[in-house]
Structure formats: C-alpha cells, structure tokens
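The structure appears below as structure tokens.
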Amino acid sequence: MMLAAEKLCKSKTFDPNDTNQALALLSQRFDLNICFGRLDAVPHIETGVANHLRVCFSTTDNMLWSFTGYPSEPLLSCVAAILLHTTLDHLRNALRVLKENVDGGMVEIGPSGELTGRLFLLLAKDLFVSKDPSRGVIQDLHYDGRQNAELIDCQKVSVIEFLEHLFGETFWSRTVEAKTAFQHAYINFSHWATMTELIASPDDFDTVEESSAGYDGREWTLQHWHRTSAVQYCHSSTR
C-alpha cells in the first residue's frame with residue numbers, strides 16, 4: 001500500500017496543497033471531469049499520466065487532447081482515502097484545491113451539480129466506516145497483519161445505518177415500512193464511476209433475461225458491487 005501511495009502522489013508523503021497530488025487522489029475516487037479546451041488542463045493531464053497513475057485511453061487525431069481517467073481499482077481507492085483522511089487538514093486542503101479548480105473552470109461539476117452528490121455520499125461513507133471500524137480491517141498504509149484482511153473502504157454497510165448517519169436517527173420515524181424493506185439492504189462503494197451515455201436502451205431495463213444487445217442488468221450490477229464502484233447515471237438518463 002505504501003508503494004501505491006508513492007506512485008499515486010509521486011512522493012513518499014502526500015501534500016494536499018499540491019494541485020497535482022490533490023486532484024490525483026480526488027480524481028481516482030470521485031471521477032473528476034477535466035474540462036476540454038482549458039489551457040491549464042493539458043499540462044495537468046500530461047503530468048497526471050506521467051507521474052500520478054492517470055491512464056490515457058485515446059487521443060484526438062491531431063494529438064492535442066487526450067482522453068484519460070483513473071482505473072477502477074479498490075486498493076488504489078482505499079489508499080487515496082487513507083491519505084485524504086490522515087488529518088482533517090489533509091481533506092480540507094485537498095477540497096480547497098478542488099474548489100479553486102472548479103471556480104477556475106478546469107474541473108466540471110456537471111449539468112446538475114453531479115460532482116456535489118458524489119462528494120457528499122462518498123465522504124459520508126468514509127466517515128461512517130471510520131467511526132467504528134471492524135476488528136482487523138486494513139485502515140493503515142503500514143498494515144502488516146493478515147493478508148486476507150478486508151480494506152476498510154471496501155466494506156459493505158447497512159443502508160438503514162448509513163441513512164441514519166446522513167440524516168439522523170429520526171430519519172426512519174415516519175417510514176417504518178421502508179425501514180423494514182431495507183433491513184437486509186447494503187451498499188458497498190469505495191469510488192465513483194460516471195456514465196457519459198446510457199448503459200442500455202430503455203427497453204433493456206425492463207427485461208429479466210439478458211437482452212439481445214448483451215445487456216444483463218444483474219450481472220452488470222454484481223460486477224460493480226465486487227469492484228466496489230458506485231455508478232452515477234449520465235445526465236440524460238431518465239431511469
């Protein structure tokens with residue numbers, strides 16, 4: 001895990017005031033969208049690919065822009081979470097860097113502020129799992145215990161308890177039936193994946209069996225569960 005942290009930061013220590021380091025950690029977990037056409041975006045992307053584990057997927061024909069992103073890797077997400085939450089100042093300063101780049105136009109928040117939702121839900125889950133961690137989970141970069149131990153940020157959590165953590169214990173007071181319905185429901189995510197287009201045609205969402213287009217909603221959802229990735233639908237999606 002120390003090696004992953006060093007590769008992600010290109011440093012033995014994390015500096016939350018360093019724009020490239022802060023945005024590298026936040027991009028891996030919150031899937032930040034770097035705006036096309038910004039003068040400062042190109043050197044940031046190039047530095048990310050060269051030094052901070054950012055992956056280049058493709059480039060435009062004229063080679064002026066690269067389409068990049070971070071791998072959906074739970075271990076890397078857990079490392080990023082540990083670094084961000086080492087101290088309150090780490091998280092505060094990293095979010096300040098993010099705000100500066102949102103205000104400056106390099107990072108998009110989305111047509112309806114989707115980035116805000118990703119930040120709110122995942123940071124809340126971070127705080128929830130850290131307040132009463134299970135015994136033996138990996139929550140330190142220097143962990144040297146059991147090799148099959150679970151990563152703290154890859155633990156499933158109860159939907160009921162998570163919503164109580166978000167909105168208070170009285171959240172379920174007027175919705176007893178809903179609380180009963182969710183008593184065996186869990187969520188499990190360590191990072192976000194955002195969709196730029198529909199997952200499948202609207203008709204495919206209503207089919208139980210695999211569609212002719214190869215879409216199987218249950219299998220697709222299960223894969224994301226095991227990958228501990230939460231999916232945010234594209235803005236045009238109505239489902």
Side-chain angles (χ1 to χ4, degrees), residues 1-11 14-34 44-45 47-49 51-55 57 68-102 106-110 113-131 133 137-141 150-157 162 165-166 187-196 223-233:
M1 294 182 73
M2 281 299 301
L3 178 60
E6 291 178 19
K7 292 290 186 180
L8 192 57
C9 297
K10 200 184 186 310
S11 172
F14 169 52
D15 179 3
N17 296 301
D18 183 291
T19 297
N20 289 315
Q21 290 190 38
L23 294 186
L25 268 61
L26 293 170
S27 291
Q28 201 287 325
R29 304 201 71 215
F30 300 97
D31 201 8
L32 304 184
N33 186 22
I34 307 300
H44 173 73
I45 291 293
T47 299
V49 172
N51 299 323
H52 299 282
L53 297 184
R54 198 174 187 94
V55 177
F57 304 127
T68 66
Y70 275 86
S72 176
E73 175 48 61
L75 176 64
L76 204 57
S77 299
C78 191
V79 167
I82 290 172
L83 291 171
L84 286 169
H85 292 283
T86 299
T87 69
L88 184 58
D89 283 342
H90 274 193
L91 181 61
R92 181 187 295 117
N93 290 332
L95 291 177
R96 176 186 53 77
V97 170
L98 174 60
K99 181 181 183 301
E100 290 173 354
N101 282 275
V102 169
M106 190 176 79
V107 177
E108 289 184 348
I109 62 172
E114 289 85 350
L115 175 58
T116 303
R118 298 199 297 275
L119 288 166
F120 175 70
L121 290 172
L122 185 48
L123 288 176
K125 199 248 183 180
D126 289 348
L127 297 175
F128 178 74
V129 299
S130 64
K131 71 175 185 177
V137 296
I138 301 174
Q139 52 183 324
D140 188 291
L141 296 180
E150 190 174 21
L151 296 166
I152 186 172
D153 294 286
C154 296
Q155 289 184 295
K156 68 178 183 180
V157 299
F162 180 64
H165 173 71
L166 277 177
I187 56 173
N188 185 21
F189 61 106
S190 62
H191 60 287
W192 281 96
T194 58
M195 306 301 296
T196 57
Q223 289 176 2
H224 280 284
W225 172 270
H226 288 305
R227 182 56 59 180
T228 68
S229 55
V231 178
Q232 188 171 50
Y233 281 20

TODO: Apply side-chain contact (heavy atoms from CB on, under 4.5 Å) to the pair T68 and I34, showing each step before the final yes or no.
DONE: CA-CA 9 Å; T68 66; I34 307 300; 6.0 Å; no
Task: Side chains of L151 and M1 in contact at under 4.5 Å (non-hydrogen atoms) - done: yes
Task: Exam field: side chain R54 to backbone Y70, donor-acceptor pair closer than 3.5 Å - done: no
Open item on the list: Give me each pair satisfying salt bridge (charged side-chain N to carboxylate O under 4.0 Å, His left out) with a member in residues 93-102, each pair once, sequence neighbours excluded.
Closed with: R96-E100, K99-D103
Open item on the list: Taking the side chain as everything from C-beta on, heavy atoms only, tell me whether T19 gets closer than 4.5 Å to N101.
Closed with: yes
- [ ] Quick one: do N33 and I109 satisfy side-chain contact (heavy atoms from CB on, under 4.5 Å)? Show the steps, please.
- [x] CA-CA 8 Å; N33 186 22; I109 62 172; over 6 Å; no
Task: Among T86, L91, T87, the one residue meeting side-chain contact (heavy atoms from CB on, under 4.5 Å) with D89 - done: T87
Open item on the list: I'd like to know if the side chain of E150 and the backbone of I138 have a donor-acceptor N/O pair within less than 3.5 Å.
Closed with: no
Task: Closest contact, heavy atoms only, H52 versus C9 - done: CE1-O, 3.2 Å
Open item on the list: Which heavy atom of S77 sits nearest to which heavy atom of Q28, and what is that distance?
Closed with: OG-OE1, 2.8 Å
- [ ] Measure the shortest side-chain to side-chain distance between L84 and L123 over non-hydrogen atoms and say whether it is less than 4.5 angstrom.
- [x] no
TODO: Please answer whether the main-chain N or O of S72 pairs with a side-chain N or O of R227 as donor and acceptor at a distance below 3.5 Å.
DONE: yes
Task: Proximity of H191 and F30 rings by center, below 6.0 Å - done: no
Task: CG-CE distance between L32 and M106, expressed to the nearest 0.5 angstrom - done: 9.0 Å
Task: L127: partners by side-chain contact (heavy atoms from CB on, under 4.5 Å), with sequence neighbours left out - done: H85, H165
Open item on the list: Can you tell me how far apart CD1 (I187) and CD (Q155) are? Round to the nearest 0.5 Å.
Closed with: 12.0 Å
- [ ] In sequence, state the C-alpha distance, the side-chain angles, and the governing distance for V157 and N188, and then conclude on side-chain contact (heavy atoms from CB on, under 4.5 Å).
- [x] CA-CA 6 Å; V157 299; N188 185 21; over 6 Å; no
- [ ] Determine yes or no for a side-chain-to-main-chain donor-acceptor pair under 3.5 angstrom, with D31 supplying the side chain and S27 the backbone.
- [x] no
TODO: May I ask you to test the L98-L119 pair for a side-chain heavy-atom distance under 4.5 Å?
DONE: yes
Open item on the list: Let's go through E6 and S11 carefully: what are the C-alpha distance in whole Å and the side-chain angles of both, what is the deciding distance for side-chain hydrogen bond (donor to acceptor under 3.5 Å, both in side chains) to 0.1 Å, and is it a yes or a no?
Closed with: CA-CA 5 Å; E6 291 178 19; S11 172; over 6 Å; no
Task: Partner of V79 by side-chain contact (heavy atoms from CB on, under 4.5 Å), out of L25, D153, L141 - done: L141
Task: Any donor-acceptor N/O pair, H224 side chain to V231 backbone, under 3.5 Å - done: no
Task: Qualifying residues under side-chain contact (heavy atoms from CB on, under 4.5 Å), relative to Q223, sequence neighbours excluded - done: E219
Open item on the list: Donor-acceptor pair, distance only, cut-off 3.5 Å: does the side chain of E73 make one with the backbone of L75?
Closed with: yes
- [ ] Look only at the side chain of E114 and the backbone of Q232, and say whether a donor-acceptor pair between them is shorter than 3.5 Å.
- [x] no
TODO: Give the C-alpha distance, both sets of side-chain angles, the deciding distance and a yes or no for side-chain contact (heavy atoms from CB on, under 4.5 Å) between L76 and L53.
DONE: CA-CA 10 Å; L76 204 57; L53 297 184; 3.8 Å; yes
Open item on the list: Main chain of F189, side chain of K125: is a donor-acceptor contact present, judged purely on distance under 3.5 Å?
Closed with: yes
Task: Side-chain heavy-atom pair L8, F14 within 4.5 angstrom cut-off - done: no
TODO: May I ask you to decide if P74's main-chain N or O and T228's side chain share a donor-acceptor pair within less than 3.5 Å?
DONE: no
Open item on the list: To the nearest 0.5 Å, what is the distance between OG1 on T194 and CD on E108?
Closed with: 10.0 Å
Task: Short side-chain to backbone donor-acceptor contact, W192 and A230, under 3.5 Å - done: no
- [ ] Could you tell me whether D126 and R29 have a side-chain N and a carboxylate O separated by less than 4.0 Å?
- [x] yes
